[in-house]
Each structure stands twice: as structure tokens, then as C-alpha cells.
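Here the structure comes first, spelled out in C-alpha cells, and everything after it is commentary.
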Amino acid sequence: FNIHPYTVSDDGLPRCLRLVKFMFQKLDLITHFNIPDENLNSFLCSVALGYRNVPYHNVFHAIDVTQTLFNFISLLPSRTLSKLEQCVLLVCGLCHDIDHMGLNNSFHYKAETPLGILSNATSGRSPLE
């Protein structure tokens, strides 16, 4: 049983990243910003490589968030958001948890990790935010 049965597609991108590429195409962001195909593919692969293999905050979570943002954008009346704003939202959805260690704030405080200590020293409430 494989919950994410994505394989590499014809263009060399994993299928899950092809879904993200489709979102950029559907919103006409590729044409609007004249994004070369190889640049978008390279960006998407770089983003995917930036995620760790952890149970939740992984590349599939990022794609889930991006797809939710895509749906919200698609439901808005046209011209509510500029093309730049739409692109920024998709990129933020993709990148928001890059290099997340898969550990929560409580762990960092209790284990006194460098991140937890730094956050505590600066009166931060959340080392991961």
C-alpha cells in the first residue's frame, strides 16, 4: 500500500509536481510571467528536494497547501487578486515548510534544542514560526 503512488512523468517531474505545474498553467501564470518550462521544472524539483522525509511536514503537505490555495484563488471573482498575488500565494504554499525537521515547538523547548533555546532567550512563543 502506497499512499502517494506518484511516479516520474514524461517530462521528468514527479507526478505530484506536475499537478503544481498544472496550477500555474491554469492560472495563466506561466504565460503571464513568461516562465521558461525548464526554469519552472527546476524550481519545482528544488523545492521538493528542500523538504525532509518526515511524516507530515513533507513535500506532499506543501502540495496539499498549494492545492488549497489554488482552489481559493479559483473560487474568487476574477481580478480579485493580481497575477503577482496569485503567483506569490502558490509559491508560499510550496515553500512554507521547506527544511522542517518534523518536530513541534514543545519538543524544541523540552529538549532544549538550539532553536528552542534561541526562541526562549528572545521571548519567542514559537520557535518554528
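The number of heavy atoms from other shown groups lying within 6.0 Å of CG (N71) is above 12.
For the atom pair CD1 (I73) and NZ (K26), the distance works out to 13.5 Å, reported to the nearest 0.5 Å. The OG atom of S46 sits 11.5 Å away from the CG atom of L94 when rounded to the nearest 0.5 Å. Separating the NZ atom in K21 from the CG atom in D37 is a distance of 3.5 Å, to the nearest 0.5 Å. Taken from CD in Q67 to CZ in F70, the straight-line distance is 8.0 Å, to the nearest 0.5 Å. Considering CZ of F22 and CG of L19, their distance stands at 9.0 Å, rounded to 0.5 Å. Note that OG1 of T31 is 13.0 Å distant from CZ of F24, once rounded to the nearest 0.5 Å.
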Side-chain donor/acceptor pairs under 3.5 Å, residues 76-90, sequence neighbours excluded:
{"from": "T80", "atom 1": "OG1", "to": "P77", "atom 2": "O", "distance (Å)": "2.6"}
{"from": "S82", "atom 1": "OG", "to": "L84", "atom 2": "N", "distance (Å)": "3.4"}
{"from": "S82", "atom 1": "OG", "to": "E85", "atom 2": "N", "distance (Å)": "3.1"}
{"from": "S82", "atom 1": "OG", "to": "E85", "atom 2": "OE1", "distance (Å)": "3.4"}
{"from": "K83", "atom 1": "NZ", "to": "L27", "atom 2": "O", "distance (Å)": "2.6"}
{"from": "E85", "atom 1": "OE1", "to": "S82", "atom 2": "N", "distance (Å)": "2.7"}
{"from": "Q86", "atom 1": "NE2", "to": "L81", "atom 2": "O", "distance (Å)": "3.2"}

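Residues passing the side-chain contact (heavy atoms from CB on, under 4.5 Å) test with P36 are E38, N39, sequence neighbours excluded. Applying the side-chain hydrogen bond (donor to acceptor under 3.5 Å, both in side chains) rule to H61 yields the partners Y56, H96, D97; only residues at least two apart in sequence or on another chain are considered.
Between C95 and V47, the shortest heavy-atom distance links the atoms SG-CG2, 3.9 Å. Of all non-hydrogen atoms in V91 and F43, the two that sit nearest each other are CG1-CZ, 4.0 Å. When every heavy atom of T66 is checked against every heavy atom of G93, the shortest pair comes out as OG1-C, 3.1 Å. What you find for I98 and G50 is that their closest heavy atoms are CG2-O, 3.5 Å.
A continuous path of ILVMFWY side-chain contacts below 4.5 Å connects L40 to F33, so both sit in one hydrophobic cluster.
Proximity of R52 to N58: side-chain heavy atoms (C-beta onward) are nowhere separated by under 4.5 Å. In this structure, the side chains of I63 and L17 come closer than 4.5 Å at one or more pairs of heavy atoms.
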